Amino acid sequence: MSTDVGTRTTTTPAGRIGDSALRPDGTLKVTGEFAYASDLWHDDMVWGVTLRSPHPHARIRGIDITEALTVPGVTAVLTADDVPGENAVGLEHADQPVLASEFVRYEGEPVALVAADHPETARRAAARIRVDYEVLPAVTDPLRAMDEDAPPVHRPGNLVRHLQLRRGDPSVTAPVVVSLDFEVGMQDQAFLGPESGLAVPAEDGGVDLYVATQWLHVDQRQMCLALGMPSEKVRLHLAGVGGAFGGREDLSVHVHACLLALRTGRPVKMSYGREESFFGHVHRHPAWLTYEFGAERDGTLVYARARTVLDGGAYASSTAAVVGNAGTLGLGPYRIPNVAVDAYGVFTNNPPCGAMRGFGCVQAAFAHEALMDELADVVGVDRIAIRQLNGMREGDRNITGQVIDSAAPVAELLQIVSDLPLPAEREDEPDLRSLPGAVGNTTHGEGVVRGIGYAVTYKNVGFSEGFDDYSTARVRLEMTGGEAVATVHTAAAEVGQGLITVEQQICRTELGVERVVVHPKNTAVGSGGSTSASRQTYVTGGAVKAACEAVRAVVLERAALSLGREVAGLRLDGEKIVGGSGEVLAGLADVLGEDAVEETVEYRHRPTHAIDPETGQGDAHVQFAFSAHRAVVDVDVELGLVKVVALDTAQDVGKAINPDAVVGQIHGGSAQGMGLALMEEVVVTDGHVRNPSFTDYLIPTILDMPPMQVKVLEYADPHAPYGVRGVGEPPTISSGPAVAAAVRAACGRALRRVPIRPEHITGT
Amino acid sequence: MRITTTVNGTQHEVDDVWAGESLLYVLRERMGLPGSKNACEQGECGSCTVYLDGEPVCACLVAAGQAIGREVTTVEGLATEGELHPVQQAFVEAGAVQCGFCTPGLLVAAHDLIERVPDPSDLEIREALAGNLCRCTGYEKILDAVRLAASRQAQA
Amino acid sequence: MDFLQPTSWADALAARAERPDAVAIAGGTDVMVDLNFDRRRPGALLDLGRVTGLREWAVEDGAGGVGGGSTVRLGAGVPYARIIDDLGAQLPGLAMAARTVGSPQIRNRGTVGGNLGSASPAGDAHPPLLAAGAVIEVESAARGTRRIPATEFFTGVKRNALAGDELIAAVLVPVAAGPQQYCKVGTRNAMVIAVSAFACALHPDRKAVGTGIGSAAPTPRRAPEAEEFLAGELESAGLWESRGELPDGLARAFGERVAAAASPIDDVRGSAAYRRHSLSVMARRAATWAWAQYRNDPRKAA
């Protein structure tokens, strides 16, 4: 609290940067009042549902909607013919029809829409749409899809991207060579709030869409093209988002709900069920990885060769960028002088794959960390030591030749996790709930072997390879009811991670006010960029900081003018104008009067650059974030069941703007990595998803997650606002490989595929 | 079909309910109580957990007609006179809420646990909350919140 | 879709007979999933939740069960949570299985009657009912009551012996005369449908062994050869009386015979080979634990 005029101001309101401020939406979320996208409701609204293809690949010979239209209560039935603009959307390439017209290319592709007065009416009507399919052979093996003679999913062919990276001497040899093939299954984001939106037709002929998304403006751009409308008429508003993790980067209900709203003239609500959600968003690419390390006899890496194939499924989504990461970052945080990497993304008739937390690094980390363990064993070096021996350090060049120009504490992170106390040994008569299988009562200790595994990773923060990555912030400062209030308006999506808390903390810090209102997120302000790539605290945080600085500059100029002083000596703190030695010179109210000071600023991080198409060399990324994990598991080696006993981690976050929220991100990210290692897989057979439900797509429960020790380092990145470093993704990357390594250590099997299934452990 | 149910102490009556609707749908779309969440609609995630005659159940698996004449308490009914219940307060303070979609169901489940078991062990908390999936937190801060709420409840 | 809500058993049977297009619903934990996922659109739901008698259980002396001991008459509508709380001593196998069903929320609603009605090969209640020698009591308005041994109840994948006009009234489960175990494999540590499951019951009163296999055949089933093998070995070595240690390899041989009794398939939850393997391990361990319990049980002589 602040003291009075004339003495040194000692304002210490909670909630500045570095404090663990509480979420501003926390109370709404615990009372059930927070409005998620699926909670929205409007007078006179109708329900939209989607008819989807049952086939992975087919030609549509005709669609007959006559019968559907006769169902009482139905207000619209739409097909591709009803799309007024371009019938094509896509994050990076507009290759996906809003509604399929000539072909369907994956099971679950949207074909038609129905609006009706009740979701059941709409479902029954959708069932009466007659689609005449000519079923075509489906390309479902991504390795086969790469063959010259494979049937093309799209013209001209099935290659989305081939990233070729060559560094040093590609033909170098080494005394020790280890290699492996690794396979990673398809993971789902499994956010809990299914895709939902409410489209409200407006009097100006436009439409307002309230939707859960990760990037309002990239949605708007695609929607404008599909709807054939200018951006002034396609207004997006962020509804409450029930998790995202990459699965909301691509469009889902957006265009569909707007088409129905514009056709019916009524508000339209669309809300997927869990099964539809599995078909309604992209998944993490399954991957096939072939890796080889050459090393000196002491374990020092001489070369690395990698070939990675990512199954992009039927449409491009962000496959090209995922290939970019799987290639440029695919060998992990190691110093490797000679490198040959080929990373491919391919089209198939499988479900489209795209963004998920960790974005291409997750798949690669399973391979390079498994191989690093193998190298350690072959040369007889400790698994921690070999990583420390080869780990990147600040000033090193990575495999694209980019200098790591801030902290790269690989060795330290590994040391920290290996020094953390280990969990207690298993008790003599353990509680069932502490054992593999838990109350399934499959063991009372028989067959249970403990294993420990380590992994380390690094991940790019922000968008890479020359993308114009920026965020916009509008900050307004005014007196309201005698109190200074800052209002921060960005379009950057809050998806649960706590960006709105960070926005408030930055405003409090920069403007010295306590009360900060977070304006609802919408497209009335410039783009906030994507809530992905661990970038929002950095980029939108940077924008908010810059906007606050601009507001502050205006306020201090005014103060300087009225006080007859130089601006240089003035500060803004505790709603006061403060001089160089802390003396209060004026109240903020005196300077602002009735005026509001408002500034809108675009913030860009340092530019990144395209990589050379032949060599893959270049400064592709703006920042790197490092983390390490140690997993301790108990494995029932006879039954192949696993209980993770501990999952401990250390991560450099540059600067923890909100330490509790940072730890929360690390906990949650680690759980998702562990899930991929042990249980999470969208099983696809011949193009058909076999487990689109939470009954058979398993994510970790509270009985699966162990206690976690989290150590946070804060080595400021001098190039980033406040020194921050992205937090959200690294834990998802290093936790899974650590768990897999621990399981391997317990059961002694190679386990070259994740998720590791019980039968892989038992060998049956 | 007409559904008359007492929810959070108030009698609600809604008409024209289709027999295939769940209690969850009726709460969310007909009674204006969307606090209980629609994450899986198959009893696998617990986001729709409500009390039905005092027992925590998945509202998605209760047919609307089965709730006729019953007493339902949802997340909207946990706070009293504008004051958060200790479980709610603990979730806010402990950082157990991120996206918050699992929170309403977890609150009801945790509320029930603490009512039945005043000082639960970690394993008891884990078994009791195993039917409530959370995708954001890794559960660590949820455990913190339940421990905090239980200790405060014990002191109260 | 109509919603039928009888408040008496007689009305429920009448409704069942009148509406062959109705689906009976108890806890809703299976039926509502089918409705929510648009897999099923019956002409009516027949809610049994208001038939209060279905939610009761009682111990009946000498009735029904094999061997003439006491029997628990478990109303079809008793939820799993109450089986765990009330019947752990009388029906330990069923109570152990009940604890593995879904979540607390599911166990507050789900019932053994519903599990039998769905007749999924993965139903958690089925293996312990088979192992215990339970009998299912069903009834129709037209023909009254009949009793179907659990071994004859499951007729195919998600099919049972219930006639179109019948409802499940109760399950008659002999009170355990000896140790019972239930083991269930899933690929996470809570909230799983069984990849495979196994129940065993020692019946020292009649020197018999009961088994039940789940998720490893088109229906839940017993492993009769394994039962006879183990009971016979125990008998011939005089172990029922001596309560001596199990001979080396006996539990393993029992496990192998249990696995041989399965006819599992590959599916998204697990491979056939793993299912068979896991059954052999579970059966070996369960028999070992049950026998250790029997040896340490001071209460009664054989």
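Everything quoted here is computed from the prediction, not taken from an experiment. These numbers come from the heavy atoms of this one structure, side chains and all, not from hydrogens, waters or symmetry mates. Chain A is the first sequence line, chain B the second, and so forth, proteins listed ahead of strands; every chain is numbered from 1.
- Using a 4.5 Å heavy-atom threshold, the side chains of B/Asn38 and A/Arg274 count as separate.
- With rounding to the nearest 0.5 angstrom, the CZ atom of A/Phe34 is 9.5 Å from the NZ atom of B/Lys37.
- In this structure, CD1 on A/Ile699 lies 8.5 Å from SG on B/Cys45, to the nearest 0.5 angstrom.
- Residue with the most contacts toward chain B among A/Ser434, A/Gly26, A/Ser693: A/Ser693 (heavy-atom pairs, distance under 4.5 Å).
- Summarising the geometry of B/Gly138 relative to A/Ala671, their closest heavy-atom pair is CA-CB, 3.8 Å, with the distance given to 0.1 Å.
- Rounding to the nearest 0.5 Å gives a distance of 9.0 Å between OG1 of A/Thr701 and CZ of B/Arg126.
- Chain A is approached within less than 4.5 Å, heavy atom to heavy atom, by B/Val75, B/Glu76, B/Leu84, B/Gln88, B/Phe91, B/Val92, B/Glu93 from residues 62-93 of chain B, ordered by number.
- A side-chain donor-acceptor contact under 3.5 Å links B/Gln98 and A/Gln665.
- Of the listed residues A/Ile666, A/Leu22, A/Thr31, the one with more heavy-atom pairs under 4.5 angstrom with chain B than any other is A/Thr31.
- Judged by distance alone, the side chains of B/Glu21 and A/His118 do bring a donor and an acceptor atom under 3.5 Å apart.
- Proximity to chain B is absent for every atom of A/Val710, based on heavy atoms less than 4.5 angstrom apart.
- If you take OG on A/Ser38 and CZ on B/Arg28, they are separated by 4.5 Å, rounding to the nearest 0.5 Å.
- Within the 4.5 angstrom heavy-atom criterion, atoms from both the backbone and the side chain of B/Leu123 approach chain A.
- With contacts defined as side-chain heavy-atom distances shorter than 4.5 Å, the pair B/Leu143/A/Ile702 qualifies.
- Considering only heavy atoms from C-beta on, B/Tyr25 stays 4.5 Å or farther from A/Glu120 through its side chain.
- The number of heavy atoms from other shown groups lying within 6.0 Å of CG (B/Asp15) is above 12.
- Per-residue counts of heavy-atom pairs under 4.5 Å with chain B were compared for A/Gln672, A/Gln497, A/Lys269; the largest is that of A/Gln672.
- Across A/Phe245 and B/Cys136, no two heavy atoms sit closer than the pair CZ-SG, 3.7 Å.
- Of the possible donor and acceptor atoms, one in the side chain of A/Tyr36 sits under 3.5 Å from a partner among the backbone N and O of B/Cys99.
- Put simply, of B/Cys40, B/Gly20, B/Gly35, the one with the most heavy-atom pairs under 4.5 Å next to chain A is B/Cys40.
- The shortest distance between side-chain heavy atoms of B/Tyr139 and A/Pro707 does not fall below 4.5 Å.
- The nearest pair of heavy atoms linking A/Phe694 to B/Leu133 is CD1-CD1, 4.0 Å.
- The distance from atom CD of B/Glu140 to atom NE2 of A/His667, rounded to the nearest 0.5 Å, is 4.5 Å.
- Taking a 6.0 Å sphere around CG of B/Asp53, one finds it holds more than 12 heavy atoms contributed by other residues, nucleotides or ligands.
- Between the OG atom in B/Ser121 and the CZ atom in A/Arg433 there is a gap of 5.5 Å [rounded to 0.5 Å].
- Among the candidates B/Gly32, B/Ser47, B/Ala39, the residue making the largest number of heavy-atom pairs closer than 4.5 Å to chain A is B/Ala39.
- Contact detail for B/Val97 and A/Lys29: the closest heavy-atom pair is CG1-CD, 3.6 Å.
- Here the side chains of B/Arg135 and A/Phe191 are not in contact, with every heavy-atom distance at 4.5 Å or above.
- For the residue pair A/Thr695 / B/Gln42, a side-chain donor-acceptor distance below 3.5 Å is found, with atom types taken as modelled.
- For B/Thr137, the part lying near chain A is the backbone, with the side chain staying farther off; criterion is any non-hydrogen pair under 4.5 Å.
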